[in-house]
Amino acid sequence: QVTLTESGGGSVQAGESLRLSCSISEYNYGPYCGAWFRQAPGKEVEGVAAIDSNGNTTYVDSVKGRFTISQDNAKSTLYLEMNSLNPEDTAMYYCAVALGRLSASYGLLIGLNEHHYRGQGTHVTVSS
């Protein structure tokens, strides 16, 4: 059974950095599109970043230039490097995987629940 497990969340001050990791276990279904989503208190889920099977990436405008999505060579771990964090980045962050050769843009466009596998989330709090 495929399992996604996020780690790396925590509490930081504005301007600091965090690196989130998403371990993907028991995955043997070929190419996929990996993505990070977040949900701030009282708000809807938002797509943050995605990476497709060709390594193309896409980001929501609010994190462009500050966040970087990547994966390891084995494609068993997704990362989200987050720099220059601000209080608006406070949220529960989820990683997700959609099977197939979806483009990164489409992977971010479809909702979290449309992905085949999702993690339980890791919380990020940014204080001013």
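Sequential numbering from 1 along the given sequence is applied to the chain's residues. On a predicted model such as this, the values are computed, not experimentally measured, just so you know.
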Ignoring hydrogens and angles, tell me if any N or O in the side chain of S53 forms a donor-acceptor pair with the backbone of R101 under 3.5 Å. no
Does anything in residues 111-128 pair up under side chain to side chain donor-acceptor pair (under 3.5 Å), and if so which pairs, sequence neighbours excluded? H123-T125
Are side-chain heavy atoms of V124 and L20 found at a separation under 4.5 Å? yes
Test item: M82 and D89 side chains (from C-beta on) under 4.5 Å apart, heavy atoms: no
Answer yes or no: is there a donor N or O on one side and an acceptor on the other, between the side chain of N54 and the main chain of N56, under 3.5 Å? no
To the nearest 0.5 Å, how far apart are CG in L85 and CZ in R66? 6.5 Å
Does atom CD of E44 have more than 12 heavy-atom neighbours from other groups under 6.0 Å away? no
Can you establish whether the number of heavy atoms outside Y27 located under 6.0 Å from its atom OH is more than 12? yes
Measure centre to centre between the rings of F67 and Y59, then say whether the value is under 6.0 Å. no
To check you understand the geometry: which heavy-atom pair defines the closest contact between Y32 and L78, and what is its length? OH-CD2, 4.3 Å
For C33, disulfide (SG to SG under 2.5 Å) partners two or more places apart: none
Suppose the criterion is side chain to side chain donor-acceptor pair (under 3.5 Å): which pairs have a residue in residues 90-99, not counting sequence neighbours? R38-Y93
Please examine the side chains of V97 and V2, heavy atoms only from C-beta on, and report whether any two atoms are closer than 4.5 Å. no
N/O donor-acceptor pair under 3.5 Å between D72 side chain and T77 backbone: yes
Taking V12 as the starting point, is it possible to reach V63 by hopping between hydrophobic residues whose side chains are less than 4.5 Å apart? yes
